[in-house]
Amino acid sequence: MVHGALEPGKREGGRTRGGTSEPGARGPSGEAGLPPSSASPLLTAPAGGARAQFSRMMPRKRKWLTPLNAVQSKPSFSPADTSGSLTVVLDGNSSPVSSKYFTEKKRTSSRLGTDFFNQPCINLAKSFLGQILVHKLPDGRELRGRIVETEAYLGGEDAASHSKGGKQTARNAAMFMKPGTLYVYQIYGIYFCMNVSSQGEGAAVLLRSLEPLQGLDTMKQLRSAQRKASAKPLKDWQLCNGPSKLCQAFSINKSFDQKDLVRDTAVWMEPGSEAPGEEAVVTAARIGVSYGGEWAQKPLRFYIRGNKCVSVVDKKVESEQGAAD
């Protein structure tokens, strides 16, 4: 809403836009403006036999002017006078009527830019931990989740990558685009997985698990829509604890493929409040890539130790890393 533009009937220099003075406003002569319906009979005394009637009307005039003078004696209201309590009229839904004194402050969070995404694949996979993924739905609602688990896919040399051998197709084209480009693909004909391109020809990072932060009720609805009616209600930590689950919860599908996280208005990333320290990051083998031969065992999965939203905890690796620490 643009403030400062007067609506019909609003004051403009003590007068309405129609030119009729309001009670308490001063006219050109300095006299208090009176309602048009009562100005003439009160200010002009009738002649002859009507004088008695006029006299009887005077007490009513004084009675009307008493509260009017009280209003005039008070200082004019200004936006600066809002330190005390201010009554707000509520509509049928018990929500404040639109007012320039009750405007919600917009979120001013900065988003991660080109410099952040322009990193080698492994570095980017680790750097994603603790950052915030945001999806703004068409109706304006925003979903937010903290990234807690990722996997790095290194491009041509990586036998577990969709771009192995440097082969570029219509499906994996986003992996060869500038860092920060989304690569969304479908598995089993119904589920989606979300990746982000990095430095390196055909290299990208899989977002594997999120910790839901905002819009949890909406996430539950989106997840439930693709589950059996008899399934148990999901707990909060189960909403995004897997690559396809987070896509369901965030309503991410193939239409997001090749979107730019730096410039897109519907999906982006924001810096997290605190990045996990090196000792809090577990480095383990990736999940579900047995077809990759020796690459299936490469330590290219990274997750935040102790976070309940991680999809698969590698207790052996955690034990070994704990002993090494």
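The CD1 atom of Ile252 sits 12.0 Å away from atom SG of Cys193, with the distance rounded to the nearest 0.5 Å. Atom CG of Leu246 and atom CZ of Phe192 lie 13.0 Å apart (nearest 0.5 Å). Between atom CZ of residue Phe250 and atom CG of residue Leu239 there is a gap of 9.5 Å, rounded to the nearest 0.5 Å. In this structure, the separation between OG on Ser198 and CD1 on Ile122 is 9.5 Å, given to the nearest 0.5 Å. We find the NZ-CH2 distance between Lys259 and Trp268 to be 12.0 Å, quoted to the nearest 0.5 Å. In this structure, CG on Leu129 lies 5.0 Å from CD1 on Ile304, to the nearest 0.5 angstrom.
We find that Arg144 and Glu270 are joined by a salt bridge, their nearest charged nitrogen and carboxylate oxygen being less than 4.0 Å apart. Salt-bridge annotation for Asp236 and Lys220: present, with a side-chain N of the basic residue lying under 4.0 Å from a carboxylate O of the acidic one. Salt bridge absent: Lys316 and Asp314 never bring a charged side-chain N and a carboxylate O closer than 4.0 Å. A salt bridge links Glu151 to Arg208: one of the charged nitrogens lies within less than 4.0 Å of a carboxylate oxygen. Look at Lys164 and Asp158 and you find no salt bridge, because none of the NZ, NE, NH1 or NH2 atoms lies under 4.0 Å from a carboxylate O.
Tracing side-chain contacts under 4.5 Å through hydrophobic residues (I, L, V, M, F, W, Y), one never reaches Leu206 starting from Phe302; they form parts of separate clusters. Phe256 and Met175 are members of different hydrophobic clusters when ILVMFWY side chains are connected at heavy-atom separations under 4.5 Å. A chain of hydrophobic side-chain contacts below 4.5 Å, direct or via other Ile, Leu, Val, Met, Phe, Trp or Tyr residues, connects Leu216 to Leu222. In the hydrophobic cluster analysis, where Ile, Leu, Val, Met, Phe, Trp and Tyr join through side-chain heavy atoms closer than 4.5 angstrom, Phe176 is grouped apart from Val205. When the side chains of ILVMFWY residues are joined at heavy-atom separations under 4.5 Å, either directly or via intervening members, Val262 and Val134 end up in two distinct hydrophobic clusters.
Between the side chain of Glu149 and the backbone N or O of Ser311, at least one donor-acceptor pair lies under 3.5 Å. The backbone N or O of Ala125 lies less than 3.5 Å from a partner atom in the side chain of Thr150, making a donor-acceptor pair. Under a 3.5 Å cut-off, the side chain of Asn241 and the backbone N or O of Val310 do not form any donor-acceptor pair. With hydrogens and angles ignored, the 3.5 Å screen pairs a side-chain donor or acceptor of Gln131 with a backbone N or O of Gly272. Checking side-chain atoms of Glu201 against main-chain N and O of Gly156 turns up no donor-acceptor pair under 3.5 Å. Judged purely by atom type and a 3.5 angstrom limit, Gln248 has no side-chain atom pairing as donor or acceptor with the backbone of Ser244. For Asn172 (side chain) and Thr169 (main-chain N/O), a donor-acceptor pair under 3.5 Å exists by modelled atom type. Side-chain atoms of Ser127 come within 3.5 Å of backbone atoms of Asn123 as a donor-acceptor pair (strictly under, hydrogens ignored). A donor-acceptor distance shorter than 3.5 angstrom exists from the side chain of Arg111 to the backbone of Leu261, with no hydrogens or angles considered. Distance alone, capped at 3.5 Å, is enough to place a donor-acceptor pair between the Gln238 side chain and the Lys235 backbone.
By the neighbour-count criterion of 12 heavy atoms within 6.0 Å, atom NZ of Lys254 is densely surrounded, having more than that number from other residues, nucleotides or ligands. Heavy-atom contacts from other residues, nucleotides or ligands closer than 6.0 Å to NZ of Lys178 number more than 12. Counting heavy atoms of neighbouring residues, nucleotides and ligands inside a 6.0 Å radius, atom OH of Tyr185 exceeds 12 of them. By the 6.0 Å contact criterion, CZ on Arg227 is enclosed, its count of non-hydrogen atoms from other residues, nucleotides or ligands being greater than 12.
Across Asn195 and Ala204, no two heavy atoms sit closer than the pair CB-CB, 4.2 Å. Across all non-hydrogen atoms, the minimal contact from Gly215 to Leu143 is O-CD2, 3.7 Å. Closest heavy-atom contact between Val289 and Ala160: CB-CB, 3.9 Å. Between Val317 and Thr283, the closest heavy-atom pair is CG1-O, 3.2 Å.
Put simply, the residue from Arg223, His135, Arg141, Glu142 that forms a side chain to side chain donor-acceptor pair (under 3.5 Å) with Thr218 is Arg141.
Scanning for salt bridge (charged side-chain N to carboxylate O under 4.0 Å, His left out) contacts around Asp217 gives an empty result, with sequence neighbours left out.
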Item to complete: Decide yes or no on side-chain contact (heavy atoms from CB on, under 4.5 Å) for Ile147 and Ile132, but give the supporting numbers first.
Response: CA-CA 6 Å; Ile147 301 170; Ile132 311 300; over 6 Å; no

Discussion item. Walk me through whether Arg146 and Leu210 qualify under side-chain contact (heavy atoms from CB on, under 4.5 Å).
Written reply: CA-CA 5 Å; Arg146 180 181 291 108; Leu210 304 176; over 6 Å; no

Worksheet item: Run the side-chain contact (heavy atoms from CB on, under 4.5 Å) check on Met194 and Cys247 step by step: do they pass?
Response: CA-CA 7 Å; Met194 182 180 188; Cys247 283; 3.8 Å; yes

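Using cut-offs of 30° and 60° on the angle between ring planes, the pair Tyr183 and His162 is perpendicular.
Looking at Phe116 and Leu124, their side chains come closer than 4.5 Å, going by heavy atoms from C-beta outward. Side-chain contact between Gln321 and Val282 is present, with at least one heavy-atom pair separated by less than 4.5 Å. Under the 4.5 Å side-chain criterion, counting only non-hydrogen atoms from C-beta, Thr265 is not in contact with Lys136. A heavy-atom distance below 4.5 Å is found between the side chains of Pro271 and Ser110. Residues Met269 and Leu207 meet the side-chain proximity criterion, which asks for heavy atoms closer than 4.5 Å. Residues Ser224 and Pro233 form no side-chain contact, since every pair of their non-hydrogen atoms from C-beta on lies 4.5 Å or further apart. Between Cys121 and Gln199 there is no side-chain heavy-atom pair separated by less than 4.5 Å. Using a 4.5 Å heavy-atom cutoff, the side chains of Val196 and Leu182 are in contact.
For the pair Arg286 and Tyr153, the distance from NZ or CZ to the six-membered ring centre is under 6.0 Å and the angle to the ring normal is within 45 degrees. Lys298 forms a cation-pi arrangement with Trp295, by the criterion of a distance under 6.0 Å to the ring centre and an angle within 45° of the ring axis.
Side-chain atoms of Gln168 and Ser163 include no donor-acceptor pair closer than 3.5 Å.
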